[in-house]
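Just so you know, ligand 1 is whichever comes first in the structure, and atom 1 is the first atom listed for that ligand. Because only heavy atoms are used, hydrogens play no part in the values below, and waters and symmetry mates are left out as well, while side chains stay in. We count residues from 1, following the sequence as given.
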Amino acid sequence: MGLTIAQKILAAHLIDGAMAPGAEIGIRIDQTLTQDSTGTMAYLQFEAIGIPRVRTELSVAYVDHNTIQSGFENADDHKYLQTVAAKHGIRYSRPGNGICHQVHLERFGVPGKTLLGSDSHTPTCGGLGMLAIGAGGLDVAVAMGGGPYYVATPRILRVVLTGRLRPWVSAKDVILEVLRRLTVKGGVGRILEYAGEGVATLSVPERATIANMGAELGATTSIFPSDAATAAFLAAQGRPQDFVPLAADADAVYDESISIDLSALAPLAAMPHSPDAVEAVDAIGPVKVDQVCIGSCTNSSLLDMKKVAAVLRGRTVHPDVSLTVSPGSRQVLAMMAADGTLADLVKAGARILESACGPCIGMGQSPRTDAVSLRTFNRNFEGRSGTASAKVYLVSPETAAASAVAGVLTDPRTLGAAPVVALPDRFDADDAMVVPPAADPDSVEVVRGPNIKPFPRGAALPSEVRGRALVKLGDNITTDHIMPSNAKLLPYRSNVPYLAGFCLTPCDPEFPARARTNGGGFIVGGGNYGQGSSREHAALAPLELGIKGVLALSFARIHMANLINSGILPLAFADPADYAALDPMDELAVDDAPAQVRAAARGEDVVVRNATKGTAMRMKLPISGRQAAMLLAGGLLNLTRGAV
Ligand code: MIC
Ligand code: SF4
């Protein structure tokens, strides 16, 4: 039987287990990436594991999220990251060098290799045929130490692309169409593998946009073939030697398949407040716009910037609109400066921001009260922009630019002939802002600022786990709800005790105080609990507050792994009626918890008693023996220290 591309890469990297949908496998990780907002914790954990040098082929520490530096905290973290990277064999991408995913695609991604990143959009490198997966920082720390990365064998969902995009329709519209069809839960447990003759019509940056936003489907990752377009991109990046062709076998067997006719697509937008609330731009109509933000790891390539400039050239941004542009990398910005693209944007009135995540993670540029903000980003969760009442729409760069000029949501097809923008034959390939690791690691002193506080560690699972249901939440709770991130909170990513005071406050401002008064307890969530960001702070902050378990209808992949890594029980209701019957502040108990966790690894349900109601609820805990050991030990770190 033939194999798909993802299956070939998984098989070539398999070091533990056997591949069967759902079964846990351990794979070898060739490359890792971290960014600063998850990286401080990942390196503190790497240091706690106690391995002197990374054992990967390549590990890169990026600084791209926390770049506002409104106090000493961010700069202290940057210094910590730079010195810890130098000491342990990690390359350090300095602030200003760009967004981790864009830079990694340009400079380091290699078809056929595995990449594990402490950021949910790590799959961006799937655009050049890499198996790139997002994970919590601790999983990345273990991979840096040479340990396997464990994941449930994903089902392979083939996405067959036919036809060719029409003028003004872009890669963003392709992934918005996938989101419209599959929803934010539709990718859970799956790898999206793109195929069909339409693939050849897309360049690597376009494929990267599509792979990037597969994260919003909850997918394990997304992957494209490595073909002539991949070879051309790598050659233009001055890395022709990194090219290897990759294609699925003709008789490959896929678990599922969908088909998208590229030529039938129109400009789309994800409406407030979910990436899957997708409608056609022309059907939504001319909504008045206050802000337009172009950039983020989804749409900040040179190609995107040039398309935007082509629309803005000779025009002025509408007087009621604030337009920001964040080029994805120093390479993109330098080339924009050299070829006049930057001047076009500046002349049109764009506010040029540094090459970083910026407004995408609420780092500045929060819109006004009740504003409509159009963004080329990937997430429009309520409040993520920093303005709770803002309405954020996710659109393509073409739609964003057309709307910035018109002042209302505008279908770019109304602008006449579309600009033709081609990839350059040569990119400005200059890695001067990537600091290599120290030649003499012993001489490097790791610098820790006062903001770096000890992180919470789980304790061995007690015989009885007891506590109240401290809060009951609905479906699709994001990690932005659980651990909000904005310009005020992001500087505290290495200070979990401080962050814990904000845990779940967008849903329930009293939650942290209630958790502390009750000595911890349980969180109750609906379906797809923990979707979105990979931040393990969404598990560490609850751990700090004494949370022992989360009961939900279903979990998002990365968050569930982070809970287990932290020694918190992720329990899924076997019967949704039990979720409906449960009330906040009910007293819950897991009797004989260690025995029940061991039994869960054999496929048995866990029984949670509702002492208040006098009922017993059957819960699913689909874990491997390895994960059971983790829960018994109080988390992965307690198990891993000295073991990899
Ligand atoms: C995000 O887009 O939410 C982030 C910020 O990049 C996160 C990582 C983090 O929370 O630091 C992600 O996507 O994993
Ligand atoms: Fe940065 Fe936004 Fe991409 Fe997250 S989604 S890595 S915050 S640009």
Practice task
Please determine if Glu216 and Lys185 form a salt bridge, counting it only when a charged side-chain N lies under 4.0 Å from a carboxylate O.
Solution key: no
Exercise for the section: Examine ligand 1 and decide if any of its atoms is less than 4.0 Å from a heavy atom belonging to Arg379. Expected result: yes
Practice task
Among all protein heavy atoms, pick the one closest to atom 7 (C) of ligand 1 and tell me residue, atom and distance.
Solution key: Ser533 OG, 3.2 Å
Practice task
Report the nearest protein non-hydrogen atom to atom 13 (O) of ligand 1: residue, atom name, distance rounded to 0.1 Å.
Solution key: Ser120 OG, 2.5 Å
Exercise for the section: Around atom 1 (Fe) of ligand 2, list the protein N/O/S atoms within a radius below 2.8 Å, excluding water molecules. Expected result: Cys357 SG
Problem - Proximal ligand 1 atoms for His65, defined as those under 4.0 Å from one of its heavy atoms - result: 4 (C), 5 (C), 6 (O)
Practice task
Distance to 0.1 Å, residue and atom name: give those for the protein heavy atom nearest to atom 11 (O) of ligand 1.
Solution key: Ser37 OG, 2.5 Å
Fill in the blank from the handout: So the atoms of ligand 1 within less than 4.0 Å of a heavy atom of Asp119 turn out to be 4 (C), 6 (O), 7 (C), 8 (C), 12 (C), 13 (O), 14 (O)
Problem - Counterpart residues, salt bridge (Lys or Arg N to Asp or Glu O under 4.0 Å), relative to Asp276 (two or more places apart) - result: none
Exercise for the section: Classify the side-chain pair His104/Tyr62 by whether it contains a donor and acceptor separated by less than 3.5 Å. Expected result: yes
Practice task
Could you check atom 8 (C) of ligand 1 against the protein and tell me its nearest heavy-atom contact, residue, atom and distance included?
Solution key: Gln35 NE2, 3.2 Å
Problem - For Ser59 against Met144, the heavy-atom pair lying closest together - result: OG-CG, 4.0 Å
Handout entry: Closest non-hydrogen atom pair, Met213 against Pro275
Key = CE-CB, 4.4 Å
Problem - Contact atoms of ligand 2, heavy-atom distance to Asn378 under 4.0 Å - result: 5 (S)
Problem - Shortest protein contact, atom 9 (C) of ligand 1 (heavy atom only) - result: Arg493 NH1, 3.4 Å
Problem - Numbered atoms of ligand 1 (with element) below 4.0 Å of Ser534, judged on heavy atoms - result: 12 (C), 14 (O)
Handout entry: Distance in Å, Tyr393 OH paired with Asn380 CG, rounded so as to fall on 0.5 Å steps
Key = 10.0 Å
Fill in the blank from the handout: Closest heavy-atom pair, Pro367 versus Ser373, reported as atoms and distance to 0.1 Å, is CG-CB, 4.4 Å
Fill in the blank from the handout: min-distance protein heavy atom vs atom 10 (O) of ligand 1 -> Arg535 NE, 2.6 Å
Practice task
With heavy atoms under 4.0 Å as the rule, classify the contact between His537 and ligand 1 as side chain, backbone, both or neither.
Solution key: neither
Exercise for the section: Can you see which heavy atom on Leu333 is nearest to which on Pro327, and at what distance? Expected result: CD1-CG, 3.8 Å
Practice task
Just let me know how Arg384 lines up against ligand 1, side chain, backbone, both or neither, with a heavy-atom cut-off below 4.0 Å.
Solution key: side chain
Practice task
Would you name the heavy atoms of Leu138 and Glu536 that are closest together and state the gap between them?
Solution key: N-OE1, 3.2 Å
Exercise for the section: Please assess Arg493 against Asp36 for the test salt bridge (charged side-chain N to carboxylate O under 4.0 Å, His left out), listing each intermediate value before the final yes or no. Expected result: CA-CA 9 Å; Arg493 283 295 183 89; Asp36 48 340; over 6 Å; no
Handout entry: Under-4.0 Å salt bridge between Arg330 and Asp428
Key = no
Exercise for the section: Evaluate the ring planes of Tyr492 and Tyr498, with Trp represented by its six-membered ring, and classify them as parallel (under 30°), tilted (30 to 60°) or perpendicular (over 60°). Expected result: tilted
